[in-house]
**Student:** 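Here's a structure for you.
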Amino acid sequence: MYDSLKGKVALVTGGTKGIGRSIADKLSSSGAMVVTTARTQAKDNRNRHHFIAADLTEADSAEKIAKEILEKYGRIDIIVNNAGANLGPGGGYSTLEDENWFNDWELNFMSVVRINKALLPSMLEQKEGAIINISTGAAKQPIWNMTMSYSAAKAALNAYSKALASEVGSKGIRVNVVSPGVIQTPLMNEFVENIAQQSRVSFEETFQNIIDTVGVPIGRMGEPAEVANIVAFLASSESQYITGANIFVDGGSSPTV
């Protein structure tokens, strides 16, 4: 797929670390001009992606990002809505306050809706484009004591993505979802470490408990590059007959097909 995205302009939200960084690097190595967003820029921006500082939980951030991209490049071809995080505390329904639900909703759902709304007019004018929304296997298989509010927000993202794919498919825009499972990232390590401290058990035991709870037939965490490879495929013309799909990159943990 080398140079398969040559000349394309791509946005990767949350693109400075973890899965987002791997996606940004993969799209860049495939020829795309890549714009990344995050609250702060990574110290090591080795591939020199165009960076826009933005807090996606703020309603006006999407318009700011769209304005800068369109003024600089005049177009947008690929949107990867990767920014997201499990913000709610563990422990189930009784530990979750309204603020926890709203925080997960703003970051994991509304930020995507706003980015797409701001940039879709340009894609529709071009009559082509690819949107990839990064969800999670937990949207289909929630863990009640770890991911309740996060899973609910991502499940809404999945439904929205399917609806949007149906709306804009005939206009040349493809919308797909990628649902990672347990992926080795700094954010995942922090998540495991927090649970380990709360449970007063080792990191290794906590990690194994998560693997056992989720059920990962391959028996290990995934790598960010394994998610990025799928995203690059969905962004390319090699997937031009795929839209409205949800592709799981989870080591086989999804219990259904």
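All values reported here derive from a predicted model rather than from experimental measurement.
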**Student:** Ignoring hydrogens and angles, tell me if any N or O in the side chain of K154 forms a donor-acceptor pair with the backbone of K140 under 3.5 Å.
**Tutor:** no

**Student:** Any donor-acceptor pair under 3.5 Å linking the side chain of N133 with the backbone of N81?
**Tutor:** no

**Student:** Taking the side chain from D25 and the backbone from S22, do they hold a donor-acceptor pair closer than 3.5 Å?
**Tutor:** no

**Student:** According to the interplanar angle, ranging from 0 to 90°, do the rings of F109 and Y160 count as parallel (below 30°), tilted (30 to 60°) or perpendicular (above 60°)?
**Tutor:** perpendicular

**Student:** So, N189 versus E193: side-chain donor-acceptor pair below 3.5 Å or not?
**Tutor:** no

**Student:** Are any side-chain N or O atoms of S151 and backbone N or O atoms of A138, one a donor and one an acceptor, separated by less than 3.5 Å?
**Tutor:** yes

**Student:** For L234, does its backbone N or O pair with a side-chain atom of S239 as donor and acceptor, under 3.5 Å?
**Tutor:** yes

**Student:** Looking only at non-hydrogen atoms, find the nearest pair between S28 and V34 and report the distance.
**Tutor:** N-CG2, 3.7 Å

**Student:** Could you pull out the closest heavy-atom pair between A235 and L5, with the gap in Å?
**Tutor:** O-CD2, 3.7 Å

**Student:** Is there a donor-acceptor contact under 3.5 Å from the side chain of S161 to the main chain of L157?
**Tutor:**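 It does hold such a pair.
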
**Student:** If Ile, Leu, Val, Met, Phe, Trp and Tyr residues are connected whenever their side-chain heavy atoms lie under 4.5 Å apart, and connections chain through other members, are L27 and I52 in the same group?
**Tutor:** no

**Student:** Under 4.5 Å between side-chain heavy atoms, hopping through other hydrophobics if needed: is there a path connecting F102 to L56?
**Tutor:**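 No; L56 is not reachable from F102 via cluster members.
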
**Student:** For D104, what residues pass the side-chain hydrogen bond (donor to acceptor under 3.5 Å, both in side chains) criterion, not counting sequence neighbours?
**Tutor:** N108, S149

**Student:** How close do M146 and N86 get, heavy atom to heavy atom, and via which atoms?
**Tutor:** O-ND2, 3.0 Å

**Student:** Between the side chain of E226 and the main-chain N/O of E223, is any donor-acceptor distance below 3.5 Å?
**Tutor:**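 Yes.
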
**Student:** Can you give me the closest heavy-atom contact between D250 and V216, atom names plus distance?
**Tutor:**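 Residues D250 and V216, closest heavy atoms: O-CG1, 3.9 Å.
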
**Student:** Is it the case that over 12 heavy atoms from other parts of the model lie below 6.0 angstrom from the OH atom of Y73?
**Tutor:** yes

**Student:** Are any side-chain N or O atoms of S236 and backbone N or O atoms of E238, one a donor and one an acceptor, separated by less than 3.5 Å?
**Tutor:**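 Answer holds: yes.
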
**Student:** Do F51 and I65 share a hydrophobic cluster, counting only Ile, Leu, Val, Met, Phe, Trp and Tyr and linking them when any side-chain heavy atoms are less than 4.5 Å apart?
**Tutor:**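 In one cluster: no.
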
**Student:** CG/D77 to CD1/I173 distance, rounded to the nearest 0.5 angstrom?
**Tutor:**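 Those atoms lie 9.5 Å apart.
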
**Student:** Please tell me whether V113 and V175 are part of a single hydrophobic cluster in this structure, the criterion being side-chain heavy atoms less than 4.5 Å apart.
**Tutor:**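 Yes, V113 connects to V175 through the hydrophobic network.
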
**Student:** Are V178 and L107 connected in a single hydrophobic cluster, I mean Ile/Leu/Val/Met/Phe/Trp/Tyr linked by side-chain heavy atoms less than 4.5 Å apart?
**Tutor:**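 No, it is not one cluster - the side chains of L107 and V178 are not joined through contacts under 4.5 Å.
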
**Student:** Using modelled atom types only, decide if a donor and an acceptor are shared between the side chain of T147 and the backbone of Y150 within a distance under 3.5 Å.
**Tutor:**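 Such a contact is absent between T147 side chain and Y150 backbone.
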
**Student:** Using every non-hydrogen atom in the two residues, find where G20 and N82 come nearest and quote the distance to one decimal.
**Tutor:**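 In terms of heavy atoms, the two residues are closest at CA-ND2, 3.2 Å.
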
**Student:** Apply side-chain hydrogen bond (donor to acceptor under 3.5 Å, both in side chains) to T13 and list each qualifying residue two or more places apart in sequence or on a separate chain.
**Tutor:** none

**Student:** Indicate yes or no for a side-chain donor-acceptor contact from S179 to the backbone of S135 under 3.5 Å, with no hydrogens or angles considered.
**Tutor:** no

